[in-house]
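Below, all heavy atoms of this structure are taken into account, side chains as well, without hydrogens, waters or symmetry copies. In the text below, chain A, chain B and the rest are named by the order of the sequence lines, each starting its count at 1. Predicted model, so just to flag it, every value in this text is computed and none were measured.
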Amino acid sequence: MAKRRGFFWPSYEIYGGLSGFVTFGPLGAVLKRRIEDKFRDFFIRPLGILEIESSVIMPEKVFEASGHLDHFIESMVGCVKCRRKFRADHILQEFAGMRDTETEKLDLQELMNEIEKNNIQCPECGGDLGEPKQFMTMFSTAIGPYSDAIGYGRPEAAQGIFVEFKRLYEYARGKLPFGAVQIGHALRNEISPRQGPIRVRDFTIIDLDFFFDPEEPSWPFLKEVEDESLNLLLAENKLKGLNESVEATVRDALDKGYVKAEWQAYFMALSKRFMMKLGVPEEKQRFIEKLEWERAHYSVQGYDQEIHLDRWGWVEVSGHNYRTDYDLKQHMEFSDVDMTAFKEFEKPRKREKTTINPVMPKIGSTFKQEAPKIVKMLSSADPKEVEESFGKQGFYKWKSHKLLPDHVKITHETVEEEGKHYIPHVVEPSFGSDRLAYIALEYAYKTKNDRTLLSLPRELAPIQAGVFPLVTKDGLPEKAKEVHDRLANAGILVEYDESGSIGRRYARADEVGTPLGITIDYDTLEDDTVTIRDRDTWRQVRTEISRLPSLLRAYFHHEMDFKDLGKPVES
RNA sequence: GCGGCCGUAGUCUAGCCUGGUUAGGACCUCGGCUUCCCGAGCCGAUGACCCGGGUCCGAAUCCCGGCGGCCGCACCA
């Protein structure tokens, strides 16, 4: 259906196809765009969130800082005999009793050594395991003609926001909280994509990164959603093997500690409502908390929003991660650019301040070429800690170097502070708009009297109205074309169709989810009125052509119901 | 990546086992006729053997390889 009517299909079919890539057709592309617009209505506009657009290819440095280079990688080991593949780290955890924190640090050679040392065989057939290999799930490329300028296709749009934090913060005139969003393509080289449009290698991601002060995690907006109930499958229950979800209001979920950040709960509630707008009833939705090892490296708490589909079961449509200050901190460290926010105290505060100043002549003569490193270390070290260490041990140890009190000058002073710098925390709801389009389609798909009906929410429909002459003679087609042009000029997405019988044309329109059918009949020639037919009820009303543009506009903005569009027609 | 099943117009399919004329049908789509409100009817048209190699006088059909799909395993930030 999706293919025949032009919603989406597998890409590169003429060359045999390539799994993990889909093309959105004429109707699908519009549907997707409308869903993204709906997202803007729902999340962006009310909160004044900043929408930006950054590039898909990003330099290696970004992913070094973000941690993706280390984490978006899987070491796999294959069995020589049965050729099955396993995650090398999982094997070691299971058969050598190693912890994930230990296996994480091992390189390929070390993984191999550990496997040999522990004499691990293939868990399936008992055969020997081969050499571990790494599989990078980011797409890599060379930037320009220099092969050492490595770039990666972004696996998430969020990094494009974090690297621009400073400018965005300035644009927001230094006020928190604020959020930034990006709707754009992201690439992930999935090992084995399945499930058609649900799991692809090139997809549109919507990353909304919301920055807030961790000391002021509350916000009045929460009030709007605190009674919304959420269906939560908690990690603690998953660990116990329980698949029962709990029903809790946003307020309760926060009070009971199910959700750690208020803003996260707020976005979860909004996401639930958003799905309902796309046609998914609440009982087909749930949020499932990620276990520690299932979470992304940057996340301290993550919930996946899942939608139940008859075809694929529970499918993830959005991820809600509490990223804390992880990303900004990392980019600060790697770029040496300050990404803190500043907040003024209500009253200036007095504070004892301890500072360490390196005494350069001494440090230089003691540490020689190591001296610059020492100075750098001191600038980020905690002065109190250094002072205490001097007090207890008479020196401060950093790596293999011993720092003596002579090397530094410690001063104490009382300073008056107007405010302080801090690294904002981030809560991130993230959606895949391809999946949203698929879900809207599946939930709209119905059959009625053996006919297919795509009951899309009216504001999502790619074609808003069909214009049909009742029969193709006596000047009706000409009149219908006139009406079509008039509506098209009024900014309404209309389609003209005169092929086949009127019933057939209604059926075709129903199948692509066109909400309204406008029919030109013999009465039209008399009094310039037309009938409007409702896709879902097949009811008809009659109204004047001149009023159509404003009536339809109101109808699509939900300011008017179908019955208000004209006088009912007896059939 | 592995194993099982599978691959004929946009869709569903006949033919394959047992090689042999223009690969048949239905739906969809398009054109014409007809038609005063829900896939009606009649006439006509477009459109397919997944790709490559092999066997053979001859391959949709038999053999090998590849690609793709579905299911299971694995992966899923």
Answer yes if the side chains of [X] and [Y] hold a donor-acceptor pair under 3.5 Å, and no otherwise.
{"X": "A:K32", "Y": "A:T204", "answer": "yes"}
{"X": "A:Y522", "Y": "A:E526", "answer": "no"}
{"X": "A:D327", "Y": "A:Q159", "answer": "yes"}

So what's [N] paired with, Watson-Crick or G-U wobble, going by both distances under 3.5 Å?
{"N": "B:rC30", "answer": "B:rG44"}
{"N": "B:rG68", "answer": "B:rC6"}
{"N": "B:rC62", "answer": "B:rG54"}
{"N": "B:rA23", "answer": "none"}
{"N": "B:rC49", "answer": "none"}

Side-chain donor/acceptor of [X] to base of [N], under 3.5 Å:
{"X": "A:R533", "N": "B:rC38", "answer": "yes"}
{"X": "A:D521", "N": "B:rC36", "answer": "no"}
{"X": "A:S501", "N": "B:rU34", "answer": "no"}
{"X": "A:Q540", "N": "B:rC37", "answer": "yes"}

* Mark this stacking check for A:Y506 against B:rC37 as yes or no, applying ring centres under 5.5 Å and ring planes under 30°. =>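 No.
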
What is the nucleic acid contact for [X], judged by heavy atoms within less than 4.0 Å: base, sugar-phosphate only, or nothing?
{"X": "A:I502", "answer": "sugar-phosphate"}
{"X": "A:K448", "answer": "nothing"}
{"X": "A:A507", "answer": "base"}
{"X": "A:Y298", "answer": "sugar-phosphate"}

Rounded to whole Å, please give me the gap between [atom1] in [X] and [atom2] in [N].
{"X": "A:R542", "N": "B:rC37", "atom1": "CZ", "atom2": "C1'", "value": "10 Å"}
{"X": "A:E498", "N": "B:rC30", "atom1": "CD", "atom2": "P", "value": "10 Å"}
{"X": "A:L453", "N": "B:rG39", "atom1": "CG", "atom2": "P", "value": "15 Å"}
{"X": "A:I520", "N": "B:rC37", "atom1": "CD1", "atom2": "P", "value": "15 Å"}
{"X": "A:W9", "N": "B:rU11", "atom1": "CH2", "atom2": "P", "value": "12 Å"}
{"X": "A:R535", "N": "B:rC38", "atom1": "CZ", "atom2": "C1'", "value": "16 Å"}
{"X": "A:Y496", "N": "B:rC30", "atom1": "OH", "atom2": "P", "value": "13 Å"}
{"X": "A:F21", "N": "B:rG69", "atom1": "CZ", "atom2": "C1'", "value": "17 Å"}

Q. Closer to the 5' end of RNA chain B via nearest nucleotide, is it A:R505 or A:S499?
A.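 Counting from the 5' end, the first nearest nucleotide belongs to A:S499.
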
| task | Identify, between A:R504 and A:T519, the residue whose nearest nucleotide on RNA chain B lies closer to the 5' end. | result |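 By nearest-heavy-atom nucleotide position, the 5'-most residue is A:R504.
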
Problem set entry | Residue that, paired with A:K479, satisfies salt bridge (charged side-chain N to carboxylate O under 4.0 Å, His left out) out of A:D528, A:D521, A:D523, A:D485 |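 Among A:D528, A:D521, A:D523, A:D485, the one meeting salt bridge (charged side-chain N to carboxylate O under 4.0 Å, His left out) with A:K479 is A:D528.
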
Any A:R508 side-chain nitrogen or oxygen under 4.0 Å from OP1 or OP2 of B:rC30: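 For B:rC30, OP1/OP2 do have a side-chain N/O of A:R508 under 4.0 Å.
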
OP1 or OP2 of B:rU34 under 4.0 Å from side-chain N/O of A:K473:
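It does not, given that no N or O in the side chain of A:K473 lies less than 4.0 Å from OP1 or OP2 of B:rU34.
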
Take atom [atom1] in [N] and the same atom in [M], then report the distance between them in whole Å.
{"N": "B:rC76", "M": "B:rG4", "atom1": "C1'", "value": "23 Å"}
{"N": "B:rA59", "M": "B:rC49", "atom1": "C1'", "value": "11 Å"}
{"N": "B:rU46", "M": "B:rG32", "atom1": "C1'", "value": "15 Å"}
{"N": "B:rA14", "M": "B:rA60", "atom1": "C1'", "value": "12 Å"}
{"N": "B:rU8", "M": "B:rG68", "atom1": "C1'", "value": "15 Å"}
{"N": "B:rA48", "M": "B:rG54", "atom1": "P", "value": "25 Å"}
{"N": "B:rG41", "M": "B:rU21", "atom1": "C1'", "value": "35 Å"}
{"N": "B:rC50", "M": "B:rA40", "atom1": "P", "value": "32 Å"}

Please check if atom NZ in A:K448 has more than 12 non-hydrogen atoms from other residues, nucleotides or ligands closer than 6.0 Å.
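Count over threshold, so yes.
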
- [ ] Using atom types as modelled and distance alone, determine if a side-chain donor or acceptor of A:Q301 lies under 3.5 Å from a backbone N or O of A:Y258.
- [x]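 Yes.
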
Notebook entry, point to check: Between B:rC76, B:rC38, B:rG39, which nucleotide has the shortest distance from any of its atoms to the side chain of A:R199?
Noted result: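 Looking only at side-chain atoms, A:R199 lies closest to B:rC76.
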
Output the single nucleotide from B:rC37, B:rC36, B:rU34 whose closest atom is nearest the side chain of A:V471.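 Nucleotide nearest to A:V471's side chain: B:rC36.
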
Check your understanding: Do you know which two heavy atoms are closest between A:H297 and A:Y326, and how far apart they sit?
Key ->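 Where A:H297 meets A:Y326 most closely, the heavy atoms are CD2-OH, 3.4 Å.
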
Q) Should the ring pair A:F39 and A:F43 be called parallel, tilted or perpendicular, given that the plane angle runs from 0 to 90° and is split at 30 and 60? A)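 Ring orientation of A:F39 relative to A:F43: parallel.
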
